[in-house]
Structure formats: structure tokens, C-alpha cells
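Notes follow once the structure below has been shown.
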Amino acid sequence: MLKPWYVAALLGSSALMTAQAQQQPATAPSVVVAGQRHASPWFRAESQHLVVYSNTSNSQVADLLNQLEKLDYMLRLYTQPFLKSSGAEPRLTFYYHDGAAALNPLGVRQPANAIGLYNSCASGVQGYGVRLSPDDEEGLSALYEAYTRHFLYRYTDIRAPISFIDGMAHYFASVRFTDTEMVVGRTPASLGRYLDFLGNGHRYSLEYKDVLEQNDSRGQNYASTAGIKLEFAARSWLLTHYMLSTDDNRKRLVDYLGAVYREVPITEAFEQAYGLKVSELSTTLWRYRLQKQAVLTVHIPTLPAAVMNFDSLPESSGEFVLTEAALKSCPDRKTGESLLRRTAEAAARYPANAYVQRVLSRAQIDWGNPQDAMPYLTSAANKPDAGAEVFYLLGEAQLRLSQTDAARASLGRALTLDPKSAEAASALYQAGMKAGAAPDEATLQAAIAGWKNAHEVNTLARQAALAYAYAGEMPKARNALKLMAHNIREPELAAWAKTWLDKLAAGAGQAEVLAEMRLQPASGTVSREWTIANSMVMQDVEYNAGLQDARSFLSQQSLNPSSPDKAVQATFDTR
């Protein structure tokens with residue numbers, strides 16, 4: 001699974017450490033910042049794989065980028081058999097806030113204890129993370145967890161089982177780096193506490209059969225659904241740790257995931273790959289955790305440093321950073337219209353700020369009258385330094401105003417300037433579908449390019465699947481549909497994909513495919529995955545378990561108040 005020289009290092013290393021192995025401080029490269037006379041607290045930074053907007057500090061973001069670039073490097077080694085990377089994918093846009101309240105402008109309902117969000121839709125893919133206290137271990141782990149999920153969705157075809165995705169996310173959440181070393185295999189603090197909590201005889205919510213069959217929310221728990229998800233994460237982490245623990249287990253992991261992709265039921269696929277009955281898995285993993293779970297320190301002299309550029313934002317632009325993020329998150333109509341009203345009011349103070357006017361144009365196109373955006377965008381597109389976003393927004397406005405030929409020209413120009421723009425490619429596909437009776441080659445290629453540039457977005461996978469099917473490239477069409485069908489996080493599109501897999505198997509022709517291409521999925525289709533502060537959930541679990549123990553004790557005392565020592569002892573159901 002790994003390159004040979006890393007197999008020896010990662011598996012054969014005798015440098016076992018205790019689970020308390022600590023990260024040594026890494027030296028980040030010097031940072032040069034392009035300044036502004038009247039700067040906003042918000043600034044922009046970019047590295048090889050990320051673009052970060054933050055209102056923290058340059059040094060904190062430099063440390064973050066340095067760590068995430070190392071994580072990206074190691075993920076590419078661990079997932080080598082599954083990588084679908086072209087090497088030309090766009091950077092992930094990430095918003096790194098100084099407090100959880102910064103998530104509020106997105107206008108989406110947050111679960112309790114949310115400290116991060118991964119949002120993907122036709123407008124693009126964005127991450128949001130909250131900086132907790134300085135040197136906070138859980139905050140860094142949450143960022144690693146979220147980035148690992150993003151990596152799997154963007155660079156691989158793995159969409160099931162979610163126990164593996166969740167397990168990998170938490171496995172790498174606890175990885176720590178120096179400039180030349182990696183510590184891997186550490187137990188995430190909250191997950192370890194939960195497993196210890198179960199080991200002390202408390203009621204559990206899930207069997208490992210539930211975990212393999214992707215049940216992360218159904219059942220009873222001391223902390224309701226949040227507690228079930230915590231237990232699912234803890235069991236998934238331990239299972240993944242086991243599956244990554246030896247060379248033989250990793251080879252079996254490839255077989256396991258391959259079988260799941262081929263539609264073998266997940267439990268059956270696991271038992272075939274590992275030669276282990278699911279009914280035996282709880283005992284096997286309990287013993288593994290007690291006797292064989294190892295933490296490794298590995299010397300890797302080739303760990304990359306982030307190559308970074310920083311730009312401060314003018315004060316007039318800074319307040320629009322999160323507004324733009326919210327507009328690109330595919331909000332619902334109520335939120336979108338509210339964003340338009342607030343943006344129009346605020347942007348009136350900065351008529352000469354190009355960034356502010358682009359944000360306003362996006363709001364007008366998506367949630368108001370696209371004609372209102374045309375004067376600014378037409379003027380901006382005629383300037384010699386006009387960028388890809390100006391042409392994309394102009395093309396989108398023209399498309400919504402039924403100026404199809406002009407829209408295709410503008411969107412084509414946007415893709416020439418930025419070939420990695422998924423939203424420009426998707427819009428060009430839609431313009432092509434409106435332009436004629438049948439899609440031409442440029443239209444089909446735009447659908448495919450959009451998905452290649454945002455491999456995790458199911459609405460773009462839908463366009464690509466139909467484009468492949470129309471062109472007669474059935475294996476590629478089936479692959480795109482399978483990824484959608486396997487993604488239980490978006491049940492409506494998963495059901496649609498399963499229907500179309502059956503239709504293609506039954507021999508659906510071009511006419512039927514074309515009819516479907518002319519239909520659009522419901523607007524606002526979006527996938528959101530939250531990162532939760534599990535330490536807070538664990539506190540709720542322990543608190544509520546304590547209350548139940550107390551109630552049970554008091555109830556027993558009331559049954560036999562004259563002789564408490566003879567009261568029936570408290571017992572818990574095994575589940």
C-alpha cells in the first residue's frame with residue numbers, strides 16, 4: 001500500500017512510543033506579507049494545496065499550513081492504491097476563524113459543539129475551522145480530521161463504508177509532525193475516554209455490525225445522537241487502526257474496499273477480506289487495543305515544508321470575506337435573500353473596491369436580478385487585468401438572462417484564465433445544454449472538467465455521469481454513478497444514481513440520457529459535514545451516565561430503606 005521504503009519505516013520501526021508521545025515544535029519558513037495601509041484583521045494565505053482566509057495571526061496560519069502540507073504528503077502515501085489525483089486539482093479554500101461565532105454568518109443550523117464545517121456544492125468546496133485556545137490539542141486534531149475527510153473525497157473514489165472514512169479521519173487527527181518525523185497511531189483523547197467508559201461496564205449503543213453497516217445515528221445513548229456519533233467514531237477509529245496495523249492487514253484493506261466498491265455487502269466484504277467473523281470483532285479489537293496497539297515515531301527526512309504567500313486585505317474588503325463564503329456555500333433562499341440585502345447595503349460604502357463589487361455581483365446573480373450586476377461586470381470584463389472570476393460572474397449573469405451565446409463566450413474565457421474552476425465549467429455545461437438540440441463536444445467536456453476539478457461534489461458527478469453516458473463511455477459513467485450511490489450522506493442523489501445504474505444496465509439510449517441532462521437537481525443541493533468538539537460530547541456522556549447511576553441508586557434505596565446494604569444492586573443492560 002505504501003512505497004517500499006516507507007513500508008519498512010512505518011511497519012518495521014522499533015521506535016515504539018507511548019500514547020503520550022508529544023509533537024516537537026516545527027520551524028516554519030519565514031513569511032513575507034504584502035501589506036495594506038488600512039488593513040483588515042482578515043488576510044489571505046496560500047500554500048501548495050490550500051488557500052486560507054483568517055483573522056488569527058500570520059504565525060498561527062503559517063504553522064497550520066506547514067502542518068497540513070505534511071499531512072497531505074502522508075495521506076498520499078497511505079492512500080496510494082486509491083489515488084485518483086491528476087496533480088492539477090484546485091486548492092481547498094479554508095476559513096480559519098478566531099471563534100465559533102464566525103460560523104454564524106453561513107446561515108446554517110449548527111449542531112451543538114461544532115468547531116468546523118466541510119461544505120461542498122456546485123459553487124465549490126470550502127472548509128471552516130475554529131481556532132480554540134493557543135496550543136489546543138483538540139483544535140489541531142479537529143483540523144486534521146476535517147482535512148483527511150476532504151482528502152478522501154477529493155482524491156479517491158472511496159465513499160463507503162463511512163466507518164472507514166470516519167476511522168481514517170480520526171486516525172490521522174492524532175498524527176503529529178516535526179520537520180522530519182511523524183508520530184502515528186496515537187489514541188485521540190476523547191475516543192480513548194469513550195472506549196474506556198464502555199470498558200468500565202457502561203451501556204453501549206452500537207455493535208461492530210452496526211459500524212460496518214454505516215449506522216452512526218440510530219440507537220440510544222447517554223448523549224443522544226451526538227453520543228452515538230461519538231461511539232461510532234471511537235469504534236471506527238479502533239477498527240481502522242487495526243486495519244492499518246500490519247502489512248498483511250493493509251493488503252486485506254485494499255481487498256475489502258475493492259469488494260465494497262463492487263457492491264459486495266459491507267459486512268460480507270469485511271469477513272471475506274479479513275477471515276474474521278463480525279461477531280468476533282468486538283473481542284478481537286478489545287484484545288488488540290490492550291495488547292498490540294502501537295504508537296510509532298518514524299523519521300521521514302522528505303516531509304515537505306509549506307511554500308507560502310501572504311496578503312493582507314484592506315479594511316474595506318475584510319468584512320466581506322465571510323459574506324462571500326456564505327454565498328458560495330449554496331445557502332437556502334431565505335438565507336440567500338438576506339445575504340443580498342446585507343451585501344447591497346454594505347457594498348454601497350465601497351463603490352470603487354473591485355472585490356466588494358464582485359461579492360455584490362454574486363449576490364445579485366444568485367438571489368436578486370442578474371441585470372443589476374451587468375453594468376459593473378461588463379465594465380470590469382473590458383479591463384486588461386480582468387480575472388477569471390469576473391468572466392465567470394458575467395457569464396453566469398448572461399446565462400440567467402438567456403443570453404446563451406454571450407454566456408458561452410464569457411465562461412469559455414473564464415476557463416481559459418482558470419482551467420481549475422469547477423463552477424465555471426459547470427456553468428459552461430449548462431449554457432451548452434441551453435444552446436442547442438444536442439450537446440456538442442465542448443459541452444460534454446465542460447461537464448467532465450467540472451467534476452474532475454471538484455471530485456467530491458455529487459451534483460457535478462451527476463453532470464459528468466450523464467455526459468459520459470451520452471458519449472457512450474459507459475465504464476466512466478458507471479464509476480461516477482457508483483460514487484454517488486455509495487455516498488449515504490446525500491440520500492436523494494444516491495437514490496437517483498442507483499436508478500440510473502439500473503437504467504444503463506438495461507440499455508438506456510442517448511434520447512433518454514439527453515432528456516435527463518435537460519433536468520436539473522433541486523437548487524441548493526449541498527453536502528455538509530460538521531466537526532464536533534468530542535471532548536464536550538464526552539462530558540455530556542459521563543454527566544448523564546452519572547445521573548442515571550444516581551437515580552438507580554436512589555430507587556434501590558427507596559425499595560429497601562431500612563436495610564440499604566440488602567438493596568438490589570444496580571445493573572445495566574449490555575446495550
Side-chain angles (χ1 to χ4, degrees), residues 25-72 90-108 110 114-120 124-151 173 177 305-329 346 353 355-356 358-359 389 530-531 533:
T27 303
S30 61
V31 176
V32 177
V33 180
Q36 297 282 345
R37 177 175 294 182
H38 301 288
S40 164
W42 286 88
F43 57 91
R44 183 183 190 274
E46 63 179 55
S47 63
Q48 296 94 310
H49 297 99
L50 292 111
V51 173
V52 175
Y53 289 91
S54 182
N55 62 349
T56 58
S57 72
N58 294 336
S59 62
Q60 289 164 358
V61 171
D63 289 342
L64 173 67
L65 289 175
N66 229 11
Q67 294 293 311
L68 289 178
E69 289 296 343
K70 290 176 171 62
L71 177 61
D72 183 277
R91 296 178 177 94
L92 172 68
T93 299
F94 184 69
Y95 297 86
Y96 187 43
H97 312 135
D98 61 3
L103 296 176
N104 293 336
L106 297 179
V108 294
Q110 299 178 36
I115 54 175
L117 170 64
Y118 176 72
N119 191 97
S120 65
V125 180
Q126 301 176 114
Y128 306 85
V130 173
R131 175 184 171 269
L132 303 178
S133 60
D135 303 318
D136 182 85
E137 184 78 1
E138 184 172 31
L140 183 59
S141 293
L143 295 174
Y144 281 11
E145 175 192 337
Y147 189 80
T148 302
R149 293 182 196 280
H150 154 76
F151 185 95
F177 299 100
V307 179
M308 294 175 281
N309 292 313
F310 280 68
D311 292 291
S312 59
L313 298 177
E315 187 175 10
S316 58
S317 297
E319 65 180 278
F320 291 87
V321 168
L322 288 179
T323 300
E324 182 183 37
L327 288 167
K328 289 184 175 182
S329 70
N353 185 305
Y355 171 69
V356 171
R358 289 197 303 273
V359 174
E389 187 177 15
W530 294 93
T531 304

Using side-chain heavy atoms (C-beta onward) and a distance below 4.5 Å, is Tyr118 in contact with Val125?
yes
Minimum-distance pair of heavy atoms, taken over all atoms of Met308 and Ala62:
SD-CA, 3.6 Å
For Ser317 and Leu313, indicate whether the former's side chain and the latter's backbone hold a donor-acceptor pair under 3.5 Å.
no
Distance check, rounded to the nearest 0.5 Å: Leu65 atom CG versus Lys70 atom NZ?
11.0 Å
Looking only at heavy atoms, what is the nearest atom pair of Ser329 and Tyr128, with distance?
CB-OH, 4.1 Å
Does Leu92 reach the side chain of His49, with side-chain heavy atoms less than 4.5 Å apart?
no
Spacing of CG belonging to Leu50 relative to OG1 belonging to Thr93, to within rounding of 0.5 Å:
8.5 Å
For a 4.5 angstrom cut-off between non-hydrogen side-chain atoms, does Arg91 reach Glu46?
yes
Report yes if some heavy atom in the side chain of Phe43 is under 4.5 Å from a heavy atom in the side chain of Asp311; otherwise report no.
no
Heavy-atom check, side chain of Leu322 versus side chain of Tyr53, under 4.5 Å:
no
Donor-acceptor pair, Gln48 side chain versus Glu69 backbone, under 3.5 Å?
no
Aromatic rings His97 and Trp42: how do their planes relate, parallel, tilted or perpendicular, breaks at 30° and 60°?
perpendicular
Val307 side chain near Ser47 side chain, heavy-atom distance below 4.5 Å
no
Take Val321 and Tyr95, measure what side-chain contact (heavy atoms from CB on, under 4.5 Å) needs, and give me the verdict at the end.
CA-CA 9 Å; Val321 168; Tyr95 297 86; 3.7 Å; yes
Roughly how far apart are Leu143 CG and Ile115 CD1, rounded to 0.5 Å?
7.5 Å
Which is it for Val52 and Arg44 under the side-chain contact (heavy atoms from CB on, under 4.5 Å) test, yes or no, and what are the steps along the way?
CA-CA 6 Å; Val52 175; Arg44 183 183 190 274; over 6 Å; no
Validation row: Val130, Tyr96 side chains within 4.5 angstrom (heavy atoms):
no
Give the intermediate values and the outcome of side-chain hydrogen bond (donor to acceptor under 3.5 Å, both in side chains) for residues Asp72 and Tyr147.
CA-CA 8 Å; Asp72 183 277; Tyr147 189 80; 2.6 Å; yes
dist Thr531:OG1 -> Glu138:CD (nearest 0.5 Å) comes out at 10.5 Å
For the pair Ser316 and Asn353, evaluate side-chain hydrogen bond (donor to acceptor under 3.5 Å, both in side chains) and give the outcome as yes or no after the intermediate values.
CA-CA 8 Å; Ser316 58; Asn353 185 305; 2.7 Å; yes
Stepwise, does the side-chain hydrogen bond (donor to acceptor under 3.5 Å, both in side chains) test hold for Glu324 with Tyr355?
CA-CA 10 Å; Glu324 182 183 37; Tyr355 171 69; 2.8 Å; yes
Please round to the nearest 0.5 Å and tell me the distance separating atom CD of Gln67 and atom CZ of Phe177.
7.0 Å
Using modelled atom types and a 3.5 Å cut-off, is there a donor and acceptor pairing between side-chain atoms of Gln126 and backbone atoms of Ala325?
yes
Inter-residue atom distance Leu64.CG - Leu71.CG, 0.5 Å rounding
10.5 Å
